[in-house]
Amino acid sequence: EPEVTQTPSHQVTQMGQEVILRCVPISNHLYFYWYRQILGQKVEFLVSFYNNEISEKSEIFDDQFSVERPDGSNFTLKIRSTKLEDSAMYFCASSDWVSPRDNEQFFGPGTRLTVL
Amino acid sequence: DAKTTQPTSMDCAEGRAANLPCNHSTISGNEYVYWYRQIHSQGPQYIIHGLKNNETNEMASLIITEDRKSSTLILPHATLRDTAVYYCIVEYSSASKIIFGSGTRLSIRP
């Protein structure tokens, strides 16, 4: 069964450093998403991406964040200068959205980002 | 913000049916009801969705009231692996973001 994969599973970085989180969505999917979950809190939407551009972004997704689909398979989330409060689990998701009836999103296992 | 209301927690005996309620009294005509779950430390997992009619798949059944203001997710034979947080989500009919609420923490007891 096809699945979304994410690397690395755990990333530790120093405050102020840049990090890139990587995702390989399901191959025939066209819509891509990033979510994050701070420990003990809700899963929060960050950004959606379609046709090589951002479709929607939340207030969390400020200028420190960027997304890219550098090739036909990878989808990346970059945080330019990490802050302590960026420590969270980051989930990538994808969907094919054939119709309103088929909008389930498939989530990856997550990358745990720890900022020291 | 989430447009649904769910109990904070529930428990169920292993092997019994787990019935998880959800209120979505402000749902509009073109909005689907989706259910996801999150097993500890894993990514959310899609379970089922529906618009008006009851739905069933290999994981669960979804019962939607006639007025569509509430629904119930049914796990017919709960196992310990069904212990998770279950999210009831009302989505627009577009490829939109998922707004997760706090969900229902379901504990399955042996």
Side-chain angles (χ1 to χ4, degrees), chain A residues 1-6 9-10 21 23-26 29-51 53-61 88-112, chain B residues 1-9 22 27-60 62 64 68 73 84-105:
Chain A
E1 186 175 325
E3 59 182 14
V4 176
T5 59
Q6 291 185 242
S9 57
H10 191 187
L21 309 183
C23 169
V24 179
I26 294 173
H29 285 185
L30 300 177
Y31 294 83
F32 313 112
Y33 311 83
W34 283 101
Y35 295 81
R36 79 171 187 189
Q37 186 174 32
I38 295 171
L39 186 64
Q41 298 187 22
K42 299 177 185 178
V43 178
E44 301 174 288
F45 167 77
L46 291 178
V47 65
S48 59
F49 191 86
Y50 169 71
N51 200 24
E53 60 183 28
I54 291 174
S55 309
E56 188 173 2
K57 59 184 181 180
S58 71
E59 291 180 354
I60 302 168
F61 195 89
M89 183 75 94
Y90 288 80
F91 296 108
C92 172
S94 69
S95 79
D96 55 7
W97 197 73
V98 175
S99 72
R101 185 174 172 74
D102 297 297
N103 188 26
E104 56 263 41
Q105 294 182 19
F106 295 81
F107 285 76
T111 292
R112 180 169 298 284
Chain B
D1 289 320
K3 297 164 64 173
T4 61
T5 304
Q6 299 177 251
T8 303
S9 63
C22 179
I27 193 170
S28 63
N30 62 349
E31 290 180 317
Y32 283 74
V33 180
Y34 277 75
W35 283 83
Y36 284 77
R37 73 180 181 183
Q38 186 177 25
I39 296 170
H40 181 62
S41 296
Q42 298 182 22
Q45 178 189 24
Y46 165 80
I47 301 173
I48 198 167
H49 71 282
L51 182 64
K52 295 180 184 178
N53 301 320
N54 298 337
E55 302 285 345
T56 295
N57 63 20
E58 65 279 4
M59 289 183 69
L62 175 60
I64 303 174
R68 301 207 328 120
L73 178 74
V85 179
Y86 287 77
Y87 301 98
C88 169
I89 298 152
V90 170
E91 293 209 19
Y92 298 104
S93 56
S94 65
S96 65
K97 60 186 179 286
I98 297 174
I99 302 295
F100 288 91
S102 299
T104 295
R105 184 172 298 278

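Protein chains get the first letters and strands the later ones, always in sequence-line order, with residue 1 at the start of each.
- In this structure B/Q38 satisfies the side-chain hydrogen bond (donor to acceptor under 3.5 Å, both in side chains) test together with A/Q37, B/Y87, sequence neighbours excluded.
- Side chain of B/Y36 to backbone of A/Q105: a donor-acceptor contact under 3.5 angstrom is found.
- For A/H10, the NE2 atom counts as densely surrounded, since its 6.0 Å shell holds more than 12 non-hydrogen atoms of other residues, nucleotides or ligands.
- For the ring pair (Phe, Tyr, Trp, His ring centres under 6.0 Å) test, no residue two or more places apart in sequence or in another chain qualifies with B/Y86.
- By the 6.0 Å contact criterion, CZ on B/R68 is enclosed, its count of non-hydrogen atoms from other residues, nucleotides or ligands being greater than 12.
- If you take CD1 on B/I48 and CD on A/E104, they are separated by 10.5 Å, rounding to the nearest 0.5 Å.
- To the nearest 0.5 Å, the span separating CZ on A/F91 from CD1 on B/I98 amounts to 12.0 Å.
- Ring-plane geometry between B/F100 and A/Y35 is classed as perpendicular, the angle between the planes exceeding 60 degrees on a 0 to 90 degree scale with a lower cut at 30.
- In terms of heavy atoms, B/G101 sits closest to A/K42 at O-CG, 3.7 Å.
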